[in-house]
K.L.:
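First the structure, which I've put down as structure tokens, then a few questions once you've had a look.
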Amino acid sequence: MLDIKLIRENPELVKKGIESKKEPSRVDEILKLDEERRKLVFETDELKAKRNAGSQEVGKVKKAGGDAAALMAEVKAIGEKISENDSRLRELDAELDGILMYIPNLPHQSVPLGSSAEDNVEVRRWLPEGFSFENTEPVLDHTTIGKKLNILDFERGTKLSGSGFPLYKGKGATLERALINFMLDYHLANHGYSEIFPPFLVNRDSMKGTGQIPKMEDDMYAIEKDGLYPIPTAEVPITNIYRDEIVAEKELPIKYVGYSACFRREAGSYGKESKGFLRVHQFNKVEMVKFVKPEISYDELEKLVNDAEDILKELQIPYRVLMLCTGDLSFSAAKCYDIEAWSPAEQKWLEISSCSNFENFQARRANIKYRREDNKKTEFLHTLNGSGLATSRLMVSLLETNQTPEGKIIVPKALQKYTGFSIID
RNA sequence: GGAGAGGUGGGUGAGUGGCUGAAACCAACGGUUUGCUAAACCGUCGUAGGGGGUUAACCUCUACCGAGGGUUCGAAUCCCUCCCUCUCCGCCA
């Protein structure tokens, strides 16, 4: 959520930012509602002051044994006007909030202008030694090799739950589990995070806090009976850990890493790019979340991306890092880097990580503040998060880049102590 | 799932219709004292919104005692609905 004061004081700047994200700017509507609201608040507060004084007077008169009937009638009339105003105020607040909840975060000034993924900027790429984009030997795509080696069973996954619910079997299941453990251990040992194992179902307030609701409501699964939502990412429970809290400055930065299964409806995306692991309703992800002071959040974003990249280097998987342009930036993000891994069979890059700085956008929604040591004042902190990494798309790259000409899979060195085997055949 | 108890400021906890935004104590912070630490003493010690202001300090008003409604001139205090926590029983990994 944006600061209403920012919108009030810099409407043009805000409009420009929203439009660069290709979102509808309803700034003028907001300004109008805000002005009406402030006027009404002022008027109503004055009435309330009057009522408070009046009813105190009633008390005094009654205590002295006098007749307060006339005064009581007068105060009652004020009270009626107040409740009228209050109900109008509630309407205004709801209306204003309704619009504000749909206003996206503003892009940081370093974000390139652009309208779609075409305009994203590649900032660097990393390739293992001896790597070539040309496939000298034929490479089986992940669904084919997965079936051949009996480690992935998409058909039976579909039988169990529907399309997009992958079933891992045998060494495939072990490999998936090894990846998760390796990534968690690596971040814990090398990057200074502490581990969280969050709930996979959260309430509506949590979904609002990180911005999935209301805008992306249709992409979320919902358990209506209990008012709970299966999380689309561990970002939701982990960021909401500090919802409605004020943390001490000396606690910052707080860096958490956690595994969760992720559930996404992916409404309306059937067909295109949905083969195998490319788009699924349930996948596994290790997520990094940071709570930091505003002045260091952009340095922390760079470190966050590096932390994610380290995993790919360890696994010897070719990747590139993109800086998203304004038009491709997600709703809550001020700046975002995507990491894409190479898929030899698809002959294209697959997004496997997204590292974002939300500045105080989520903190404002979720009401997460910190108290400064110097002036004891509270202010919203900055939140960041990044996948480190998502396993399903990573599995695509892994099964394809580590394939032998005979169709066996060599388990990357870094994973072998987690799998207990070095080859899948 | 059944029965009962309870939700007050960072914590403990008082407050059952009128100077109570809320006693007291603890914690925290600032200071005095002290060779240092401790103790003692003094002071500060919620959040949000509006208005004013040399837009900073500050002044002022309003709201908030789990959430939302209601009764009343006036609600932390009375009524209704919901949420949550705890205890016992049942069930279960």
K.L.:
Using the C1' atom as the point on both nucleotides, what is the distance between G13(B) and G4(B), in whole Å?
P.N.:
23 Å

K.L.:
Quick one: label Lys62(A) by what it contacts on the DNA or RNA (base, sugar-phosphate, nothing), any heavy atom closer than 4.0 Å.
P.N.:
base

K.L.:
Between Gln56(A) and Lys5(A), name the one whose nearest nucleotide on RNA chain B is closer to the 5' end.
P.N.:
Gln56(A)

K.L.:
What nucleotide among U62(B), G50(B), A48(B) has an atom nearest to a side-chain atom of Thr378(A)?
P.N.:
A48(B)

K.L.:
Answer yes or no: side-chain N or O of Asn52(A) and base N or O of G74(B) forming a donor-acceptor pair under 3.5 Å.
P.N.:
no

K.L.:
What integer number of Å spans the P atoms of G30(B) and C82(B)?
P.N.:
48 Å

K.L.:
Hey, can you tell me if Phe197(A) and Phe200(A) have their rings parallel, tilted or perpendicular (30° and 60° cut-offs)?
P.N.:
parallel

K.L.:
Can you spot which of Lys48(A), Lys81(A), Arg51(A) makes a salt bridge (charged side-chain N to carboxylate O under 4.0 Å, His left out) with Asp86(A)?
P.N.:
Lys48(A)

K.L.:
Looking at U47(B), C73(B), G51(B), which one has an atom nearest to any side-chain atom of Arg371(A)?
P.N.:
U47(B)

K.L.:
If the threshold is 4.0 Å, N to carboxylate O, is there a salt bridge linking Lys16(A) and Glu19(A)?
P.N.:
no

K.L.:
Could you check whether Val58(A) gets within reach of a base, just the sugar-phosphate, or nothing at all, counting any heavy atom under 4.0 Å?
P.N.:
base

K.L.:
Which one is paired to G6(B), where only Watson-Crick or G-U wobble pairs with both distances under 3.5 angstrom count?
P.N.:
C84(B)

K.L.:
Determine: side-chain N/O of Arg38(A) to OP1/OP2 of G49(B), distance under 4.0 Å, yes or no.
P.N.:
no

K.L.:
Any salt bridge between Lys303(A) and Glu300(A), counting N to O under 4.0 Å?
P.N.:
yes

K.L.:
Please determine, for the side chain of Arg51(A), which listed nucleotide (A57(B), G74(B), G50(B)) has the closest atom?
P.N.:
G74(B)

K.L.:
What does C73(B) pair with, Watson-Crick or G-U, if both distances are under 3.5 Å?
P.N.:
G18(B)

K.L.:
Without decimals, in angstroms, what is the distance between Arg37(A) CZ and U62(B) C1'?
P.N.:
12 Å

K.L.:
Which whole-number value in Å describes the distance from Lys48(A) NZ to G50(B) C1'?
P.N.:
11 Å

K.L.:
Ignoring backbone atoms, establish whether Lys377(A) has a side-chain N or O less than 4.0 Å from OP1 or OP2 of A57(B).
P.N.:
yes

K.L.:
In whole angstroms, how far is the P atom of A75(B) from the NZ atom of Lys76(A)?
P.N.:
13 Å

K.L.:
For the atom pair CG (Asn105(A)) and CD (Glu23(A)), what is the distance rounded to the nearest 0.5 Å?
P.N.:
11.0 Å

K.L.:
What does G53(B) pair with, Watson-Crick or G-U, if both distances are under 3.5 Å?
P.N.:
none

K.L.:
Using atom C1' in both nucleotides, what's the gap between U32(B) and U55(B) to the nearest angstrom?
P.N.:
36 Å

K.L.:
Can you tell me if the side-chain N/O atoms of Arg90(A) get under 4.0 Å from OP1 or OP2 in G69(B)?
P.N.:
yes

K.L.:
With a 4.0 Å cut-off, would you call Arg372(A) and Glu295(A) a salt bridge?
P.N.:
yes

K.L.:
Map Thr44(A) and Lys60(A) onto RNA chain B by nearest heavy atom, then report which one ends up closer to the 5' terminus.
P.N.:
Lys60(A)

K.L.:
In whole angstrom, what separates Glu46(A)'s CD from U60(B)'s P?
P.N.:
16 Å

K.L.:
Using Watson-Crick or G-U wobble geometry with both distances below 3.5 Å, tell me the partner of A63(B), or none.
P.N.:
U47(B)

K.L.:
Could you check whether the rings of Tyr186(A) and His191(A) sit parallel, tilted or perpendicular, using 30° and 60° as the cut-offs?
P.N.:
perpendicular

K.L.:
Grab the NZ-P distance between Lys50(A) and G51(B) for me, whole Å please.
P.N.:
19 Å

K.L.:
If you apply the rule side chain to side chain donor-acceptor pair (under 3.5 Å), what do you find for Thr210(A) with Glu235(A), and how did you get there?
P.N.:
CA-CA 8 Å; Thr210(A) 29; Glu235(A) 161 196 347; 4.9 Å; no

K.L.:
Can you tell me, in whole Å, how much space there is between the P of A27(B) and that of C89(B)?
P.N.:
38 Å

K.L.:
For U60(B) and G6(B), measure between their C1' atoms and round to the nearest Å.
P.N.:
39 Å

K.L.:
For A75(B) and A67(B), measure between their P atoms and round to the nearest Å.
P.N.:
16 Å

K.L.:
Lys63(A) has an atom NZ; how far is it from atom P of C73(B), in whole Å?
P.N.:
19 Å

K.L.:
In this structure, how many angstroms lie between the P atom of G10(B) and the NZ atom of Lys250(A), rounded?
P.N.:
16 Å

K.L.:
Sticking with atom P, work out how far A24(B) lies from G43(B), rounded to a whole angstrom.
P.N.:
11 Å

K.L.:
Write down the distance separating the C1' atoms in C26(B) and U33(B), rounded off to the nearest Å.
P.N.:
23 Å

K.L.:
Between Leu47(A) (CG) and G50(B) (P), how many Å, whole number?
P.N.:
18 Å

K.L.:
Counting any heavy atom closer than 4.0 Å, what does Arg8(A) reach on the DNA or RNA strands: base, sugar-phosphate only, or nothing?
P.N.:
sugar-phosphate

K.L.:
Taking only side-chain N and O atoms of Arg372(A), does any of them lie within less than 4.0 angstrom of OP1 or OP2 on C29(B)?
P.N.:
no

K.L.:
Provide the Watson-Crick or G-U wobble partner of A24(B), both distances under 3.5 Å; none if there is no partner.
P.N.:
U12(B)

